[in-house]
Protein chains: 2
Amino acid sequence: MEAALAKPALPRAPSGKREQTKLQNRQIILDAARGVFAELGYGAATVRDIIRATPLASGTFYNYFKSKEEIYQAIRDEVALAIRPRLREERMKARTVEEFISGTFRTFFEFVASDRIDFRSIRHNADITRVRVDTPEVIAGFDELREDIETAIPRGLFPPIDADFLMAAIAGVAFEVAERMMRREAPDPAAAAVFATALFLGGIRALPGAPEPSTETRI
Amino acid sequence: MEAALAKPALPRAPSGKREQTKLQNRQIILDAARGVFAELGYGAATVRDIIRATPLASGTFYNYFKSKEEIYQAIRDEVALAIRPRLREERMKARTVEEFISGTFRTFFEFVASDRIDFRSIRHNADITRVRVDTPEVIAGFDELREDIETAIPRGLFPPIDADFLMAAIAGVAFEVAERMMRREAPDPAAAAVFATALFLGGIRALPGAPEPSTETRI
DNA sequence: TTGAAAAGTTGACGGCTCGTCATGGTCTTG
DNA sequence: CAAGACCATGACGAGCCGTCAACTTTTCAA
C-alpha cells in the first residue's frame, strides 16, 4: 500500500493535453453562454447563439451540454454552490433567532449585490415578462434551509412551527426583496437585510421607518 | 340625434356571424393552449402543438396571437384580472393592519386553492426546473399592492415604511407559500393565511405552533 | 336580390434551429 | 512508431417559425 501511494499512481494524472483542452472548451462555452444569456435573456437565447459566440463547431457543444436548459443549470448551479455553504455556516453558528435570520439575509443580499452580473443574466428577459428558473441545485438550497430550521427548533431557536412554510416565506422574501433591491440605483444589501430581519423578528410594526420623511414637504 | 339613438344604431351590433366566429376561434385557441401548457409545461410547448390541438390552420393562430408568449400572457392575465379586484376591495375596506394583511392573504390563498388547474398549468414544468413568469398584468397587481400600502400609511395603518420592500415581501411570501400549500395532499388556504398573517403581524415569535406539538414528548 | 368589396382562413414556403453522426485529425499508450 | 482512443467538425434530415398569395365567406349598398 505504501509503495502504491508513494509512486506516481498512474491513473490520476491531472494534466495531459487532451484533458486540458476539454476543460478549456467547457470554459469557453460557459463564458459564451453567460454573455448570451445576459444579452438576450434566457427565453430568447438559442443554443446556436451560444455556439456562434464560440470558435467551436455545433457538434462540440453537445459533447459538453445536452441542451440550453442544461448549460443554464450549470451556470445557476455555480452560483448556488458558491452561496449555499456560506448560508449554511451562518445558520449553524447562530445562537439566537436574530442571528439565524439576520445572518441568512445579510449573506444572501450581500452575495446578490456583489454578483449583479450573474443575477441580471438570470433574471433579465428580453420582453416585459420576468422568468425565474429554480434548478435542482437551488431547490437543494431550499431544502437545506428547511433542514436547518427543523434542526433549530429543538435547539430552542424557533417555536415548534411549520418549517416548510417558514422556509418558503424566507425564500420568497429573499428573492423578491433582492429583486427590488437590485433595481435601485445604489443597491444597499445592509438596508435590505435590516428590513427583512425586522419583518421576521417582529412583524410589520417592527420595521424601520422609510428613508425620506415625506411629511416635511407638505405642511 | 334622438332618431339615431332610437333606431337600430347600426355600428354597434354585438353579434353578427363574423364577430361570432372570431370570438369562438379565439376561445378554441385559448382552450387548446391551456391544455397544451398543462400537459407539456410552458417551456416545452410550441405554437405548433397548440395549433395541432385545434381544427384551425397555422396562419389563423397568428391572426389572434403573435407568439407563444402572448397567448400565455393572455391566459395568465385572465387569472390576474379575476383576482386583482377582489384583493383591492379587501384592502380598501381594511380598517386595521390586521384586516389589510389577513384579507390579502386569505383572498389570495383561497383563490389559488379554488383554481388549482390554472395554477398547475402555470407552475408546472416538464423537467425538474421550475419556471415562473410574471406577465404585465401580474406586475400591475404588484403595483396595486404597493399603491395600497402607500395609501394606507397616511391612514395610519402602517408606520412610514419602505412600501416597495413591503410589497415585495408580501408578494414573495404569497407566491412561495401558495406553492408549498398546493403541494400538500389537502391544501388548506385558511391555515396558510393564518401563518402568513401572523408572520407579518408579529414576526416569527407570533407564528402558531406546528400541528404536532413536539415539546410534549421531551419533558 | 345581387354583386363587389371587406374580412378572414388556409396551407405551402423560405429561413432558421435542433440534435445526430460519419469523417477525419490529434493525442496517448504500449 | 504504430494502433487505437478520443474528440472536433460540419453537413444533414426533421421540425418549428412567421408570412403571404390565393381562396372562401360575410357584409352591405344599390
Side-chain angles (χ1 to χ4, degrees), chain A residues 7-33 35-37 39-74 125-127 129, chain B residues 4 7-33 35-37 39-74 126-127 129:
Chain A
K7 280 281 176 175
L10 48 101
R12 289 298 130 238
S15 75
K17 179 106 182 194
R18 207 131 225 166
E19 215 65 18
Q20 270 181 325
T21 330
K22 244 169 86 173
L23 257 342
Q24 199 182 343
N25 280 350
R26 191 187 152 87
Q27 207 51 50
I28 288 174
I29 294 173
L30 277 172
D31 289 344
V36 170
F37 285 137
E39 179 151 357
L40 302 180
Y42 175 76
T46 73
V47 172
R48 246 60 186 186
D49 290 329
I50 299 170
I51 293 167
R52 251 179 256 117
T54 255
L56 306 170
S58 66
T60 305
F61 176 92
Y62 291 98
N63 284 341
Y64 292 87
F65 302 97
K66 278 210 312 289
S67 62
K68 178 173 87 160
E69 284 70 32
E70 190 169 298
I71 193 171
Y72 187 76
Q73 287 192 10
N125 196 292
D127 34 51
T129 67
Chain B
K7 281 281 176 176
L10 48 100
R12 289 297 131 236
S15 75
K17 180 106 182 195
R18 206 129 226 166
E19 216 66 18
Q20 270 182 326
T21 330
K22 244 168 88 173
L23 257 342
Q24 199 183 342
N25 279 351
R26 191 187 154 87
Q27 207 51 48
I28 288 173
I29 294 173
L30 277 172
D31 289 345
V36 169
F37 284 137
E39 181 151 356
L40 303 179
Y42 175 76
T46 74
V47 172
R48 245 59 187 186
D49 290 328
I50 298 170
I51 292 167
R52 250 179 256 117
T54 255
L56 305 170
S58 65
T60 305
F61 176 92
Y62 292 97
N63 283 341
Y64 293 86
F65 303 98
K66 278 210 312 289
S67 62
K68 177 172 86 159
E69 284 70 32
E70 191 169 298
I71 192 170
Y72 187 77
Q73 288 191 10
D127 33 51
T129 67

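In the text below, chain A, chain B and the rest are named by the order of the sequence lines, each starting its count at 1. Quick caveat: nothing in here was measured; it's all calculated off a predicted structure.
Taking B:Y64 as the reference, B:K22, B:N25, B:R26, B:I29, B:T60 meet the side chain to side chain contact (heavy atoms under 4.5 Å, CB included) condition, with sequence neighbours excluded. Partners of B:N63 under the side chain to side chain contact (heavy atoms under 4.5 Å, CB included) rule, at least two apart in sequence or in another chain, do not exist in this structure.
For the pair B:L23 and B:Q20, the minimum side-chain heavy-atom distance is 4.5 Å or more. Contact of the B:F65 side chain with the B:V47 side chain is not registered, since no non-hydrogen atoms from C-beta on lie closer than 4.5 Å.
Reading DNA chain C from its 5' end, the first and the last nucleotide to sit under 4.0 Å from a heavy atom of chain B are C:dA6 to C:dA12.
At the heavy-atom level, A:T60 lies under 4.0 Å from base atoms of the strands shown.
The side-chain tip of A:K68 does not point at the ring of A:F61 from less than 6.0 angstrom away and within 45° of straight on.
As a whole-Å value, the separation of B:F65 CZ from D:dC17 P is 15 Å. To the nearest angstrom, P of D:dC17 lies 16 Å from NZ of B:K66. As a whole-Å value, the separation of B:N63 CG from D:dC17 C1' is 15 Å. To the nearest angstrom, C1' of D:dG15 lies 13 Å from CZ of A:R48.
Under the 30°/60° scheme for interplanar angles, the aromatic rings of A:Y72 and A:F37 are found to stand perpendicular.
Residues from residues 50-59 of chain A placing a heavy atom under 4.0 Å of any atom in DNA chain D, listed by number, are A:L56, A:A57, A:S58, A:G59.
The nearest pair of heavy atoms linking A:A74 to A:L30 is CB-CD2, 4.3 Å.
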Let me have the donor-acceptor pairs involving side chains of residues 48-56 of chain B, under 3.5 Å, with sequence neighbours excluded, atom names and distances please.
unit_1: B:D49; atom_1: OD1; unit_2: B:R52; atom_2: NH1; d: 2.9
unit_1: B:D49; atom_1: OD2; unit_2: B:T46; atom_2: N; d: 3.0
unit_1: B:D49; atom_1: OD2; unit_2: B:T46; atom_2: OG1; d: 3.2

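One finds no side-chain N or O of A:Y62 lying less than 4.0 angstrom from the OP1 or OP2 phosphate oxygen of D:dA8.
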All N/O pairs under 3.5 Å across the protein-nucleotides 3-6 of chain D interface:
unit_1: D:dC6; atom_1: O2; unit_2: A:R18; atom_2: NH2; d: 2.5

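Once rounded to the nearest 0.5 Å, the distance linking CD of A:Q24 with CD1 of A:I28 reads 5.0 Å.
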